[in-house]
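Structure first, commentary second.
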Protein chains: 2
Amino acid sequence: MPPDDPNPGKPAVVSHGPMADELGFHLRCAQLAAFKHFAHAVGAVEGITPGLYGMLQAIDNNPGLSQSALAVAMDVDRSSIVKVVDRLEGKGLIVRDASPTDRRRYRLHMTATGARALRRIQDAVIRQDRVFSARLDDTERATLIALLTRLYRPDSETPTARAGIGAES
Amino acid sequence: MPPDDPNPGKPAVVSHGPMADELGFHLRCAQLAAFKHFAHAVGAVEGITPGLYGMLQAIDNNPGLSQSALAVAMDVDRSSIVKVVDRLEGKGLIVRDASPTDRRRYRLHMTATGARALRRIQDAVIRQDRVFSARLDDTERATLIALLTRLYRPDSETPTARAGIGAES
DNA sequence: AGAAAAAGTTTGTTGGAGCAACAATTGGAA
DNA sequence: TTCCAATTGTTGCTCCAACAAACTTTTTCT
């Protein structure tokens, strides 16, 4: 116990003051908790991160995607994609398929084992997601998703479809 | 335009498939957007990150905090705190005050300029936070904060007070 | 044909976050 | 008291993610 603690009975913990009214603060805390939960429940088993999982989903739902398009979709630099694709390809989850019409381009595809792994991981993620949000009933959960979506997606056309990255190319 | 694109008219963008129903995904997207918004609106001006801002608030709201307590509160390693405190002290925002009763410990305090800077930054953050959540009315905003809070804080005693880090020391 | 742009890659840098080890100091147990 | 364990701050190291710049090859535009 700290000798300088003026109130030994109180929690002696950081009060976050005016940040309690800032949405960004709670967003940060919740996302941090979600990340930890993910890492513990899925990452420890499958050796994957939310980012990698998102990339796998992007490739699976958009076969033949180019690395640049994936970079735009994931909102990271092209050069950052290389290592990721290397890793996923090294694990045998995806393949770099040479485009027959554009010899610069690779078409990213899932392998059979990759598709199987993704299905397995996805089940784990969905299960983990439900555990993480267990304190919310279905209505609250849907409300939360809707509100979050309106935060980061200016146009809320289809509630459950594409995301807010435009790579019409 | 990619020669392999089967539908040149459509957005040709990543559909995120089943992730649309995962709360963690939307949490991640929203937090990423909030971080970027923060960096653009506040970080570019004050040269600060949400994490640094949180530390400043923690020190300001808990004067005399030790570095270890700050580390626990911020949920990072003690060694990571050193560089941060170095930076904040180098900027003249805080000071390492030697504890008179425990010669190992430093008591972190805001300087006058630090307190002034924090007030200025806080105003910018609050303004930025309102802009970021402009698509939500007050009720929706409060609902969102309440739902987020229940995600990462198991015990929801006071709705607007301390946060979920326990450092009873 | 020649310039401009795009796709993928390499290299280097930055920054954050963690772990292990350390000196100084404090607290408790024998 | 003496000695051992725990705590505090610190340094050094590693790892990893992300960006920027430069470069090669290829395609597209003029």
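Reminder, nothing fancy here: chain letters follow the sequence lines and each chain counts from 1.
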Under 4.0 angstrom, heavy atoms only, what part of the nucleic acid is [X] near: base, sugar-phosphate, or nothing?
{"X": "Ser66(B)", "answer": "sugar-phosphate"}
{"X": "Ser80(B)", "answer": "base"}
{"X": "Val82(A)", "answer": "base"}

Begin with the C-alpha distance, continue with both residues' side-chain angles, and end with the deciding distance and a verdict on side-chain hydrogen bond (donor to acceptor under 3.5 Å, both in side chains) for Ser66(A) and Ser68(A). CA-CA 5 Å; Ser66(A) 75; Ser68(A) 289; 5.0 Å; no

Val84(B) side chain reached by Leu70(B) side chain, heavy atoms, under 4.5 Å: no

Sub-4.5 Å side-chain heavy-atom contact between Tyr53(A) and Ile121(A): yes

In this structure, how many angstroms lie between the [atom2] atom of [N] and the [atom1] atom of [X], rounded?
{"X": "Asp77(B)", "N": "dG15(C)", "atom1": "CG", "atom2": "C1'", "result": "16 Å"}
{"X": "Ile81(B)", "N": "dG16(C)", "atom1": "CD1", "atom2": "P", "result": "12 Å"}
{"X": "Arg87(A)", "N": "dT9(C)", "atom1": "CZ", "atom2": "C1'", "result": "18 Å"}
{"X": "Glu89(B)", "N": "dT10(D)", "atom1": "CD", "atom2": "P", "result": "9 Å"}
{"X": "Leu52(A)", "N": "dA18(D)", "atom1": "CG", "atom2": "C1'", "result": "14 Å"}
{"X": "Leu65(A)", "N": "dA6(C)", "atom1": "CG", "atom2": "P", "result": "17 Å"}
{"X": "Lys83(B)", "N": "dT14(C)", "atom1": "NZ", "atom2": "P", "result": "14 Å"}
{"X": "Arg103(B)", "N": "dT25(C)", "atom1": "CZ", "atom2": "P", "result": "5 Å"}

Distance test, side-chain N/O of [X] to OP1/OP2 of [N], below 4.0 Å:
{"X": "Arg78(B)", "N": "dA21(C)", "answer": "no"}
{"X": "Gln67(A)", "N": "dA6(C)", "answer": "no"}
{"X": "Arg105(A)", "N": "dA7(C)", "answer": "yes"}
{"X": "Ser68(A)", "N": "dG8(C)", "answer": "yes"}

Side chain of Ser79(B) - closest among dT10(C), dG18(C), dT26(D): dG18(C)

Of the candidate nucleotides dG9(D), dT26(D), dG8(C), which contains the atom at the shortest distance from the side chain of Arg96(B)? dG9(D)

Residue pair Tyr106(A)/Lys36(A) against DNA chain C: nearer the 5' end by closest nucleotide is Tyr106(A)

Give a yes or no on whether the backbone of Arg107(A) and the side-chain of Asp97(A) come within a donor-acceptor separation of less than 3.5 Å. no

Measure the acute angle between the ring planes of Phe25(B) and Tyr152(A), then classify it against the limits of 30° and 60° as parallel, tilted or perpendicular. perpendicular

